[in-house]
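Working notes, beginning with the structure itself.
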There are 2 protein chains.
Amino acid sequence: MIEYSSQPHYLVAVDCIVFGFDGAHLKILLVKRGLEPEINKWSLMGGFVGSNESPDDAANRVLKKMTGLEGVYLEQMQIYGEPNRDPIERTLSVGYFALIDIHKYENQLNDDYEAEWFLINERPKLIFDHDQMVADARKKLRYKASLHPILFEMLPKQFTLPQLQNLFEEVNDTKIDTRNFSRKITSTGLLIKLEEKDRSSSKKGAFYFKLDKKKYKADFQAFLNLIPNLKN
Amino acid sequence: MIEYSSQPHYLVAVDCIVFGFDGAHLKILLVKRGLEPEINKWSLMGGFVGSNESPDDAANRVLKKMTGLEGVYLEQMQIYGEPNRDPIERTLSVGYFALIDIHKYENQLNDDYEAEWFLINERPKLIFDHDQMVADARKKLRYKASLHPILFEMLPKQFTLPQLQNLFEEVNDTKIDTRNFSRKITSTGLLIKLEEKDRSSSKKGAFYFKLDKKKYKADFQAFLNLIPNLKN
DNA sequence: ATTATTAATTGTCAAAATGACATTTAATAA
DNA sequence: TTATTAAATGTCATTTTGACAATTAATAAT
C-alpha cells in the first residue's frame, strides 16, 4: 500500500517570463539572482511557493514584489520538473508568462531588485533551464496571440495602428501587409479611434486608438485570426 | 537572504484524465482509489512523482501501470496547487489529459486496479478537486481539438466518417452538417479511404478510412479549423 | 510660397473558404 | 419488387482572404 509518509517531498517554485513592448521591439524583464547558487547571474523572476499560497498566488506575489504591479496578465505555462534541473536540491518550477505595459512598470520600479529590460534577442544567458523556459514562453505567446487578443496587454492605453502592427510582427517574427492588417484588426470591432494623433514618429502622425474593453472581455475566448497565412 | 533549507517541501503528484471513444460516445477511465483517505472512492489515475522521474515520466508510468499502454497521447494541462486540496498533507498535482484508443486498452487491462470506463456525462462524483480537473480537461480537449487533429488518437486504425463526425460532435457538444464536415475533413488530406466497409451500423455500410500518418505528423502544428461557426 | 519628403491611410479584385440546404445511392429486409 | 435505412455527395450565394499600389497629411527644404 502506498502511503503519503513514505513519499519524497520537493521544493516548488514559480518562474515568470515577463514580456513587454517598447513600441518597436519585444522585451523581457530579467533580474540578478539574489541567492546561491548562481548568485548575481541573470535569471527569471521567481520564488518558492509558500505554505499558504497556490502557485498562482506565488507568481502574483513575486511579480508584485519585484515590479510593484498588481493584476497583470499572467498565464500558467507548464511545469519544469526534471530531477536535476536545480543543482542544490530537487525543485520543481511552474513557469508563467506575464504581459505587462512597459510604461506602467517604469513608474513602479522596485529598486531593491536589480531588474532590467532586455531586447528579446539580445538577452544574456540565463541560469538553469531558464533559457528553455523563455523559448517555450515565446512559442506559447505566439500561439495564444494568434488566436486571442492578448497582445493588447502589453500596450499603453493609447496606441497607434503602426505600433500594434509592429507588436504583431515582432511576436510572430514576420511581416504583415499593412492594408490587410488594418482591415482585419478593424473588423474585430476591438478598437476605438481617438481624435488625437501621435506625432512622434512621423510628420503626418498616426491616430491613437484605444481598446474597447467591453468587446475585449466578451470576445476574449472567441477565436480571432489575426496572423495571415502567407502564400508567397 | 532566502535559502533553500528554510523553504517548505511538498508532495507532488500527477493525475490523468483519460479520454476514450466507443464509436458513439466520449468516455473517461476512472479507478477506485487504493489508499487513504477516500480509499475505494472513484478517482482519476494518479500517483506521486518519484525521486528520479519528471512529472511527465510519472504520468507515463502511472498510465502504463494501470492500462498497460505505452506511448499514449499525453498532454500536460495545468498544476493544481491550492494549499488545502488534499486533506492529509499539502500535495500539488500536475493534471494531464490522455487520449487513448479504447480498443487497445481492452486487450491490455490490468486487473490489479479496478478501472472502469464511464460515459463522460454519467460518471460518479470524484474525490478532492478531480471533478474540476475533468471539467478543465474537457475544455482543454475541445480547445485543442478545434485546432489540431488530436481526436484521431482516440480512434482505432480503421474508422468511418460517421464515427469521426460523432466524435467531433461529442467533444464539441454540437451537431455538424454531414456534407460540410465531409468536405472539410477530406480537404485536410489526412484521410485515406479504404476498400472495406463497416457493415455493423447500416445496411449500406460505411467505408473505412485510415489516417495518413505522414501528413498527420507534418500538419499537427498547423491550424485546422474543423468546427464550424454556426450562424443560425 | 512651392516643392520635396516621409510615414500613415485607404481600395480593388480574383480566389478560396464557408454555411445553408436536399437528393441520390447502396445494401438489406419485407 | 418494394420498402427501409443510413451513407454519400453537389450547388449556390456570401464572406473571407491574400496580393497588390496610390493617395493623403503633415513637416522640412528650397
Side-chain angles (χ1 to χ4, degrees), chain A residues 23-25 146-147 149 155 158-170 172 174-210 219 222-232, chain B residues 23-25 146-147 149 155 158-170 172 174-210 219 222-232:
Chain A
H25 295 292
S146 72
L147 298 166
L155 288 169
Q158 299 192 144
F159 51 85
T160 66
L161 279 190
Q163 280 167 8
L164 185 60
Q165 183 172 342
N166 272 350
L167 177 51
F168 273 86
E169 290 180 340
E170 278 279 308
N172 290 283
T174 185
K175 282 287 176 191
I176 308 177
D177 180 88
T178 317
R179 293 156 286 189
N180 293 340
F181 180 76
S182 170
R183 178 179 59 195
K184 267 201 186 179
I185 202 79
T186 301
S187 75
T188 63
L190 287 171
L191 298 188
I192 298 172
K193 192 173 189 171
L194 303 177
E195 298 295 321
E196 201 185 342
K197 273 186 170 183
D198 167 28
R199 307 260 148 111
S200 66
S201 64
S202 77
K203 296 161 193 165
K204 183 176 177 180
F207 279 105
Y208 278 119
F209 288 79
K210 67 174 182 179
D219 287 8
F223 288 165
L224 301 176
N225 187 13
L226 294 165
I227 300 304
N229 303 318
L230 301 189
K231 291 189 174 167
N232 305 17
Chain B
H25 295 292
S146 72
L147 298 166
L155 289 169
Q158 299 192 143
F159 51 86
T160 67
L161 278 190
Q163 281 168 6
L164 185 61
Q165 182 171 342
N166 272 348
L167 177 51
F168 273 86
E169 291 180 337
E170 278 279 310
N172 291 282
T174 186
K175 283 287 174 190
I176 307 176
D177 180 89
T178 318
R179 294 156 285 188
N180 293 342
F181 180 78
S182 169
R183 179 179 57 194
K184 267 201 185 179
I185 203 78
T186 302
S187 75
T188 63
L190 288 170
L191 299 188
I192 298 171
K193 193 173 190 172
L194 303 178
E195 299 292 321
E196 200 184 343
K197 274 186 168 183
D198 167 28
R199 317 248 158 175
S200 67
S201 63
S202 79
K203 295 160 190 163
K204 183 177 177 179
F207 279 104
Y208 279 120
F209 289 78
K210 68 175 181 180
D219 287 8
F223 288 164
L224 301 177
N225 186 14
L226 294 165
I227 300 305
N229 302 319
L230 299 190
K231 288 188 178 169
N232 306 17

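The figures that follow rest on heavy atoms only: side chains count, while hydrogens, waters and symmetry mates do not. In what follows, chains are A, B, ... by sequence order, proteins preceding strands, each numbered from 1.
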Send over the distance from [X] [atom1] to [N] [atom2], rounded to a whole Å.
| X | N | atom1 | atom2 | answer |
| --- | --- | --- | --- | --- |
| B:Ile176 | C:dT18 | CD1 | P | 13 Å |
| B:Lys175 | C:dC21 | NZ | P | 17 Å |
| B:Arg179 | C:dA20 | CZ | C1' | 8 Å |
| B:Asn225 | D:dT16 | CG | P | 13 Å |
| A:Phe181 | C:dG11 | CZ | P | 18 Å |
| A:Phe159 | C:dA8 | CZ | P | 15 Å |
| B:Gln165 | D:dT9 | CD | C1' | 13 Å |
| A:Phe207 | D:dT24 | CZ | P | 15 Å |

Does NZ or CZ of A:Lys193 fall inside the cone over A:Phe209's six-membered ring, less than 6.0 Å from its centre and within 45° of the axis?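 Judged by the rule, A:Lys193 and A:Phe209 form no cation-pi pair.
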Hey, can you pull the residues of residues 182-200 of chain B with a non-hydrogen atom under 4.0 angstrom from DNA chain D?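 The answer is B:Arg183, B:Lys193.
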Heavy-atom pair of closest approach, residues B:Glu195 and B:Phe207: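 So the two residues come closest at O-CE2, 3.4 Å.
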Beyond-backbone contact of A:Thr160 with A:Tyr208, side-chain heavy atoms, under 4.5 angstrom: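 Contact flag for A:Thr160/A:Tyr208 side chains = yes.
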Do the non-hydrogen side-chain atoms of B:Pro149 and B:Leu190 ever get within less than 4.5 Å of each other?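 Of all side-chain heavy-atom pairs linking B:Leu190 with B:Pro149, at least one is under 4.5 Å.
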Side chain to side chain contact (heavy atoms under 4.5 Å, CB included) for A:Asn225 and B:Asn225? Distances and angles first, verdict last. CA-CA 11 Å; A:Asn225 187 13; B:Asn225 186 14; over 6 Å; no
I'd like to know if A:Asn180 reaches the base of D:dA19 with its side chain such that a donor and an acceptor end up less than 3.5 angstrom apart.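 Indeed, a donor on one side and an acceptor on the other fall under 3.5 Å apart.
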Modelled atom types, side-chain donor and acceptor of B:Ser200 and B:Asp198, under 3.5 Å: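 There is such a pair between these side chains.
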Looking at the side chain of A:Asp177, which of D:dA8, D:dT17, D:dC20 is the nearest nucleotide?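 Nearest nucleotide to the side chain: D:dC20.
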Are A:Leu167 and A:Phe159 close enough, and set up right, to give a side chain to side chain contact (heavy atoms under 4.5 Å, CB included), and what steps lead you there? CA-CA 11 Å; A:Leu167 177 51; A:Phe159 51 85; over 6 Å; no
Can any side-chain N or O of B:Thr186 pair as donor or acceptor with the backbone N or O of B:Ser182 at less than 3.5 Å?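 It does hold such a pair.
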Pairing partner of C:dA30 (Watson-Crick or G-U wobble, both distances under 3.5 Å):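 Here C:dA30 is engaged in a pair, and the nucleotide opposite it is D:dT1.
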Please enumerate all residues that pass side chain to side chain contact (heavy atoms under 4.5 Å, CB included) together with A:Asp219, with sequence neighbours excluded.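 For A:Asp219 the side chain to side chain contact (heavy atoms under 4.5 Å, CB included) partners, ignoring immediate neighbours, are A:Lys215.
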Between protein and nucleic acid, restricted to nucleotides 2-6 of chain D and to nitrogen or oxygen atoms under 3.5 Å apart, what atom pairs and distances do you find?
{"unit_1": "D:dT4", "atom_1": "O2", "unit_2": "B:Lys203", "atom_2": "NZ", "d": "2.9"}
{"unit_1": "D:dT5", "atom_1": "O4'", "unit_2": "B:Lys203", "atom_2": "NZ", "d": "3.3"}

